[in-house]
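Working notes, beginning with the structure itself.
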Amino acid sequence: MGKYNLQRKNVISWDAVFMATTYLFSERSKDPNTQVGACIVDRNNRIISIGYNGTPNGWDDSDFPWAREGEELEKKYPYVVHAERNAILNYRGDNNIFQDAKIYVSHFPCHDCAKEIVQVGIKEVIYNNDKYAYTDSIKASKITLQNCGVVYREITDEVREEIEKLFQGKGKTLIR
């Protein structure tokens, strides 16, 4: 036990801090259906970069095809920039900082984002939601991450409880 032992006892975990950050940033997304956030941290638990899913730079959000159904070129999927990619691209320094970093994401990364995570040297993916686990994209993502030595894990219920306390009374509930 420390000499003074005066520090606060109920400090939230790093996982809760960074996952809450992903949800805070996901609130910037204009997507009417799915808001995704990402937070990249280095091995010393310092935030490197953050991102959310949105339009490419210069494309007016109000003139963007946010639809999920219809003709391919009228849907959001060929155009939207995912949170993970935005977090990687938003960083303006030396990319060596990503070596052995962790990325926190509100939703499990798709196969394209998994490849980018691998390529920059991120070694761990921490996620809250895997609601698209049944899709080929997520299956391919997991195969890619496993084969490239990137570990992934879902946050625990204890971490979810910590985050929900932070957002309590703010109208935000974590998607499970």
Side-chain angles (χ1 to χ4, degrees), residues 7-29 31 34-54 57 80-167 170 172-176:
Q7 74 274 11
R8 226 176 96 227
K9 303 292 186 233
N10 296 333
V11 176
I12 65 173
S13 67
W14 285 118
D15 279 353
V17 167
F18 300 130
M19 190 58 71
T21 301
T22 72
Y23 277 93
L24 181 63
F25 256 77
S26 74
E27 290 296 310
R28 289 287 311 143
S29 175
D31 189 322
T34 307
Q35 299 81 45
V36 182
C39 178
I40 304 173
V41 300
D42 71 11
R43 64 179 73 109
N44 296 310
N45 289 322
R46 292 185 184 108
I47 294 177
I48 296 171
S49 189
I50 46 185
Y52 58 90
N53 60 318
N57 290 338
V80 74
V81 182
H82 287 185
E84 302 90 335
R85 177 177 281 168
N86 263 331
I88 291 167
L89 293 173
N90 284 341
Y91 183 71
R92 298 289 187 236
D94 181 354
N95 282 350
N96 288 326
I97 192 89
F98 291 119
Q99 297 304 310
D100 302 323
K102 300 180 282 194
I103 186 167
Y104 288 80
V105 289
S106 51
H107 294 68
F108 200 94
C110 74
H111 66 283
D112 281 331
C113 290
K115 291 182 283 188
E116 292 184 15
I117 287 166
V118 167
Q119 289 302 95
V120 297
I122 294 171
K123 292 298 182 197
E124 186 173 7
V125 174
I126 302 98
Y127 66 95
N128 178 49
N129 183 304
D130 197 8
K131 72 179 186 178
Y132 301 110
Y134 64 91
T135 66
D136 287 343
S137 177
I138 300 302
K139 290 175 185 175
S141 176
K142 290 177 180 178
I143 291 168
T144 299
L145 295 173
Q146 289 167 356
N147 282 306
C148 297
V150 177
V151 298
Y152 54 86
R153 64 181 167 89
E154 185 174 1
I155 61 170
T156 64
D157 286 337
E158 291 79 21
V159 170
R160 284 187 183 95
E161 288 173 17
E162 287 182 276
I163 297 167
E164 295 205 9
K165 285 180 188 173
L166 291 174
F167 289 117
K170 313 257 187 315
K172 187 74 176 168
T173 303
L174 290 182
I175 301 167
R176 295 185 191 219

My understanding is that only residues two or more places apart in sequence, or in another chain, count here; which of them pass side chain to side chain contact (heavy atoms under 4.5 Å, CB included) with [X]?
X    : answer
A16  : I12, S13, V159, E162, I163
A140 : H111
R46  : D42, N44
R153 : D15, Y104, E124, I126

- Message: Less than 3.5 Å apart, any donor N or O on the side chain of S29 or N53 sitting next to an acceptor on the other?
- Response: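 The answer is yes; a qualifying pair exists.
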- Query: Can you tell me if E27 and Y52 form a side-chain donor-acceptor pair at under 3.5 Å?
  - Reply: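 Checked: E27/Y52 side chains show no N/O donor-acceptor pair below 3.5 Å.
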- Query: CD1 of I50 to CG of N86: how many Å apart, nearest 0.5 Å?
  - Reply: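 If I round to the nearest 0.5 Å, the distance is 10.5 Å.
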- Give, for atom CD of E116 and atom SG of C110, the distance between the pair rounded to the nearest 0.5 Å.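 One gets 8.0 Å once the value is rounded to the nearest 0.5 Å.
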- Query: How are the rings of Y134 and Y132 set to each other: parallel, tilted or perpendicular (split at 30° and 60°)?
  - Reply: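 Rings of Y134 and Y132: tilted, 30 to 60°.
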- Message: Any non-hydrogen side-chain atom of F18 less than 4.5 Å from a side-chain atom of I47?
- Response: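 Yes, their side chains come closer than 4.5 Å.
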- Task: Using the ring of F98 (Phe, Tyr or Trp, six-membered ring only), decide whether K123 places NZ or CZ under 6.0 Å from its centre and within 45 degrees of its axis.
- Result: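 Pair K123/F98 does not count as cation-pi.
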- Item | Which residues share a side chain to side chain donor-acceptor pair (under 3.5 Å) with Q119, sequence neighbours left out |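 None.
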- Not counting sequence neighbours, which residues clear ring-ring contact (aromatic ring centres under 6.0 Å, His included) with F25? List them please.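 Partners of F25 by the ring-ring contact (aromatic ring centres under 6.0 Å, His included) criterion come out as none, since no residue qualifies.
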